[in-house]
Peer 1: 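One structure coming up, written as structure tokens, with questions to follow.
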Amino acid sequence: MSRDQVQPAERSSRSAEAPFLELLARGASAEAYEQPVLLARLKEQPPQRIAALEHAKELALRVRSEIEGRRRREAELSALFETAHDLAGLRDLDAVLKAIVQRARSLLSTDIAYLSLNDADRGDTYMRVTEGSVAARFQQLRLGMGEGLGGLVAQTARPYVTDDYFKDDRFQHTRTIDAGVHDEGLVAILGVPLMIGHHVIGVLFAADRRARVFEREEIALLGSFAALAAAAIDTANWLAETRSALDRLAGANEIIRDRSAVIERASDVHDRLAELVLRGGGVHDVAAAVSESLDGTVRFTETTDAPGTALEASRAEGHAVRHRDDWVAAVSAGGELLGALVLRGHPGLDPVDQRTLERAAMVTSLLLLARRSAAEAEQRVRGELLDDLLDARDRDPRLLRERAARLDADLDATHVVLAARLEGAACDADQEAAARRRLWSAASHLAATRHGLAAARDGGTVLLLPLVRDDTATDLARRTARQLGTAVHEAVTVGASAPVGDLAARPDVVAAAYAEGQRCLEALRLLGRAGDGAAAEDFGFLGLLLAGDRDISGFVERTIGQVVAYDERRGTDLLRTVDAYFRSGMSPARTKDDLHVHVNTVAQRLERVGRLLGEDWQSPARALEIQLALRLHRLSSAGRH
């Protein structure tokens, strides 16, 4: 063929491709690609021209199909938005899965976390990644489909949890699996499915070597990491397909480059969010960063402050939705609404920016769940230490001090044990349990801010709080009652023990002080002082009945100690005068006969007593306490002579 013949053929080929390139550029529908061919047939163009158009149409449709495939997979990148810095720059699938398992173990505070994947060729499932495992046989397990807890999760595509693996008969036990679990020493196991679409590709596990009840928030948090792991696996497959597609789309380089720029923009936003969270940023910092990226105003709002209809629609659809001139992206986890990110005054939002807002909402939910999990873990640790102090008498003081120091508490300081209980009447058992949880949560927060400990106990809450200088047990009890009552919006009664010290070396002191605080609490309720706070010292001689150690010397000192000290310093006889005065029916005349002194002497002595004990020392209540103190002092003095 001559050169003159080749050039027209090339020009014909390029002219045949031109209309399809234009259709690709403007993203036309698949039906539109038939129009150039139909138009050529209507114009009865040469068969070579029609054949060239048909060939160009097939190539263009293949290119369009590849582009559409990339567009669909683009949405799956949202699962890569994670709060950990190590995920931000990782591209290797094994490294991504390892990081996910490590973070799941860390945030759920479990002994071990692991991930299994299904092997379609062999028809079984195998361990892919483990963190915290010490048993080689466990790490090499291959399980038949439907066997063990993982098989139950894979079959039902639902999370399952067991607090005692070997006693759970909901799934099929096998000798191989049980041997591996036994070697690892696992007891409590939580498994959630790894799903791509409706297909289970594996299971993500978190497990402890002790009995444990996994809370709903922990199951939701592990589910979030399972979604991230599944997306990472799918993304790795997607990247492999993309590389193959790039080889086949050499003729459409410019179009692919444009789409890649969109993906890169989304990746840059993801990196910024991940870096911000790792620097210690909070929910509002994430909102500020997204505001800058979207050139608008983004705010995190509580569930009650967000537009209700738009919020529910966003949660149901899993996407940001428009509400008038705003956009609302639900912040949710495990079906629980945690709030919303709201983009104000930005009605025109392109798909990339919409996905950015949605990814920011996902990062926000993970951050909220992680912080909630961390706070609850710290509350449990504080409660466990206080439970050990209350229940165990033989503990290593050094270990107790170390545990307390990690919680910013000092067991060598002087403390007060407080028993707190709600006074509101609950309508049913569920409401009562919820109220008790609120009280425990408020007490735990108060203990953390006061460098103390708190635990749920006996239908109420017990607190161990340090006693600061110039403070009394009574002051602490009343302040605690007010603070807890304000936090739970109900009346809270608080009974306090006398100050105690050296708790690490004498753990039995804590139990005795708690019993004293409980008796004081019951006394308040019997006296009609529900919602108040008090210590045993507030009840005068009744405090002797409330005090666990019957502090007789303390009562005597508080009641007549100044008179005793005056007599000892001056060599006077005030104490005997007061005793005779009460024995004589509070008659100065009969008192002077009993003491064989002048009546003026009696009057002068009683005046001195009044200055020492206060003007109300002869009132009925004070007189009763003083007479009891005189008798106890006389009895204790007789025992020493």
Peer 1: Side chain of Asn118, backbone of Val200: donor and acceptor closer than 3.5 Å?
Peer 2: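 Yes, because the side chain of Asn118 sits within donor-acceptor range (under 3.5 Å) of the backbone of Val200.
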
Peer 1: Locate the shortest heavy-atom distance separating Glu184 from Ala135; write the atom from each residue and the value.
Peer 2: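 Closest heavy-atom pair between Glu184 and Ala135: OE1-N, 3.2 Å.
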
Peer 1: Using a 4.5 Å cut-off on heavy atoms from C-beta on, say whether the side chain of Arg128 contacts that of Leu97.
Peer 2: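 Of all side-chain heavy-atom pairs linking Arg128 with Leu97, at least one is under 4.5 Å.
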
Peer 1: What distance separates Thr125 OG1 from Asp119 CG, expressed to the nearest 0.5 Å?
Peer 2: 8.5 Å

Peer 1: Ignoring hydrogens and geometry, is there a side-chain-to-backbone donor-acceptor pair from Ser224 to Ala220 under 3.5 Å?
Peer 2: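 Yes, because the side chain of Ser224 sits within donor-acceptor range (under 3.5 Å) of the backbone of Ala220.
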
Peer 1: Tell me, do Val203 and Leu115 make a side-chain contact under 4.5 Å, heavy atoms counted?
Peer 2: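 No, side chains not in contact.
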
Peer 1: Which residue pairs satisfy the ring pair (Phe, Tyr, Trp, His ring centres under 6.0 Å) criterion with at least one member in residues 118-143, sequence neighbours excluded?
Peer 2: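 The answer is Tyr114-Phe138.
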
Peer 1: Atom OG of Ser116 and atom CG of Leu194: how far apart are they, to the nearest 0.5 Å?
Peer 2: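 So the OG of Ser116 and the CG of Leu194 are separated by 7.0 Å.
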
Peer 1: Are side-chain heavy atoms of Thr176 and Leu141 found at a separation under 4.5 Å?
Peer 2: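 Result yes, sub-4.5 Å side-chain heavy-atom pair found.
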
Peer 1: Give a yes or no on whether the backbone of Arg437 and the side-chain of Ser441 come within a donor-acceptor separation of less than 3.5 Å.
Peer 2: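 No; zero donor-acceptor contacts below 3.5 Å.
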
Peer 1: Let me confirm one number: the CG-CG distance from Leu186 to Asp164, rounded to the nearest 0.5 Å.
Peer 2: 11.5 Å

Peer 1: Backbone N or O of Leu152 within a donor-acceptor pair of the Gln155 side chain at under 3.5 Å?
Peer 2: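 Looks like no, no N/O pair under 3.5 Å.
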
Peer 1: Heavy-atom distance under 4.5 Å between the side chains of Leu108 and Leu190, does that happen here?
Peer 2: yes

Peer 1: Run the ring-ring contact (aromatic ring centres under 6.0 Å, His included) test against His199 and tell me which residues pass, sequence neighbours left out.
Peer 2: none

Peer 1: Could you tell me whether the side chain of Arg322 reaches within less than 4.5 Å of the side chain of Asp326, counting heavy atoms only?
Peer 2: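 A side-chain contact is absent here, since even the closest heavy-atom pair is not under 4.5 Å.
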
Peer 1: Testing the basics here: between Gly148 and Ile177, what is the closest heavy-atom pair and its distance to 0.1 Å?
Peer 2: N-CD1, 3.8 Å

Peer 1: What is the minimum heavy-atom distance between Tyr33 and Ala60, and which atoms define it?
Peer 2: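 Here Tyr33 and Ala60 meet closest at CE2-CB, 3.8 Å.
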
Peer 1: Using a 3.5 Å distance criterion without hydrogens, assess whether the side chain of Arg209 forms a donor-acceptor pair with backbone atoms of Val187.
Peer 2: no

Peer 1: According to salt bridge (charged side-chain N to carboxylate O under 4.0 Å, His left out), who are the partners of Asp208, at least two apart in sequence or on a separate chain?
Peer 2: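 Result, salt bridge (charged side-chain N to carboxylate O under 4.0 Å, His left out) vs Asp208: Arg210, Arg212.
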
Peer 1: Donor-acceptor check, side chain of His323 to backbone of Thr309, threshold 3.5 angstrom: yes or no?
Peer 2: no

Peer 1: Could you state the interatomic distance from CG (Leu221) to CZ (Arg103), rounded to the nearest 0.5 Å?
Peer 2: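 That separation rounds to 10.5 Å.
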
Peer 1: If you look at every heavy atom in Phe300 and Val331, which pair is closest and at what distance?
Peer 2: CE1-CG2, 4.3 Å

Peer 1: More than 12 non-hydrogen atoms from neighbouring residues, nucleotides or ligands closer than 6.0 Å to CZ on Arg26, yes or no?
Peer 2: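 Enclosed.
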
Peer 1: Under the salt bridge (charged side-chain N to carboxylate O under 4.0 Å, His left out) rule, collect the residues that match up with Asp183, sequence neighbours excluded.
Peer 2: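 Asp183 satisfies salt bridge (charged side-chain N to carboxylate O under 4.0 Å, His left out) with Arg137 only.
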
Peer 1: Distance from Asp178 atom CG to Gln172 atom CD, nearest 0.5 Å?
Peer 2: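 CD of Gln172 is found 10.0 Å from CG of Asp178.
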
Peer 1: Can you tell me how far apart CZ (Arg49) and NZ (Lys43) are? Round to the nearest 0.5 Å.
Peer 2: 9.5 Å

Peer 1: Checking ring-ring contact (aromatic ring centres under 6.0 Å, His included) between Phe171 and each of Tyr160, Phe166, Tyr165, which is the one that passes?
Peer 2: Tyr165

Peer 1: Return the set of residues passing salt bridge (charged side-chain N to carboxylate O under 4.0 Å, His left out) with Lys98 (not counting sequence neighbours), or none when no residue passes.
Peer 2: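 With neighbours one apart ignored, the set is Glu131.
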
Peer 1: Taking C-beta and beyond as the side chain, do Leu117 and Met127 meet within less than 4.5 Å on heavy atoms?
Peer 2: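 Not touching, per the 4.5 Å side-chain cut-off.
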
Peer 1: To check you understand the geometry: which heavy-atom pair defines the closest contact between Leu341 and Ala361, and what is its length?
Peer 2: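 Nearest heavy atoms, Leu341 then Ala361: CD1-N, 3.5 Å.
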
Peer 1: Distance alone, cut at 3.5 Å: any donor-acceptor contact between the side chains of Thr130 and Gln139?
Peer 2: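 Distance-only check fails for Thr130 and Gln139.
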
Peer 1: One thing to verify: whether Arg105 and Asp111 come together as a salt bridge, which I'm taking to mean a side-chain N less than 4.0 angstrom from a carboxylate O.
Peer 2: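 Judged by the 4.0 Å cut-off on N to carboxylate O distance, Asp111 and Arg105 do not form a salt bridge.
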
Peer 1: Please examine the side chains of Thr110 and Phe214, heavy atoms only from C-beta on, and report whether any two atoms are closer than 4.5 Å.
Peer 2: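 Sidechains of Thr110 and Phe214: in contact.
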
Peer 1: Should the heavy atoms of other residues, nucleotides or ligands under 6.0 Å from CZ of Arg142 be counted, would the total exceed 12?
Peer 2: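 Result for CZ/Arg142: enclosed.
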
Peer 1: Give the C-alpha distance, both sets of side-chain angles, the deciding distance and a yes or no for side-chain contact (heavy atoms from CB on, under 4.5 Å) between Leu204 and Val101.
Peer 2: CA-CA 8 Å; Leu204 179 61; Val101 171; 4.1 Å; yes

Peer 1: If I compare all heavy atoms of Gly144 with all of Asp124, which pair ends up nearest, and what's the gap?
Peer 2: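 So the two residues come closest at CA-CB, 4.2 Å.
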
Peer 1: Taking Ser314 for the side chain and Ala310 for the main chain, is one N or O donor matched with an acceptor at less than 3.5 Å?
Peer 2: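 Pair absent, no side-chain N/O of Ser314 close to backbone of Ala310.
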
Peer 1: Checking Arg324 now: which residues fulfil salt bridge (charged side-chain N to carboxylate O under 4.0 Å, His left out) with it, not counting sequence neighbours?
Peer 2: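 Salt bridge (charged side-chain N to carboxylate O under 4.0 Å, His left out) list for Arg324, sorted by chain: empty.
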
Peer 1: So does Arg355 pair up with Glu358, basic N to acidic O under 4.0 Å?
Peer 2: no

Peer 1: So, Thr449 side chain and His445 main chain: donor-acceptor pair closer than 3.5 Å or not?
Peer 2: yes

Peer 1: Check whether any side-chain heavy atom of Val153 sits under 4.5 Å from a side-chain heavy atom of Val192, and report yes or no.
Peer 2: no

Peer 1: Under the side-chain contact (heavy atoms from CB on, under 4.5 Å) criterion, do Leu39 and Arg41 qualify, and how do the steps go?
Peer 2: CA-CA 5 Å; Leu39 187 60; Arg41 293 184 188 280; over 6 Å; no

Peer 1: Given Leu357 and Trp327, is the side-chain contact (heavy atoms from CB on, under 4.5 Å) satisfied, shown in steps?
Peer 2: CA-CA 9 Å; Leu357 184 62; Trp327 285 82; 3.9 Å; yes

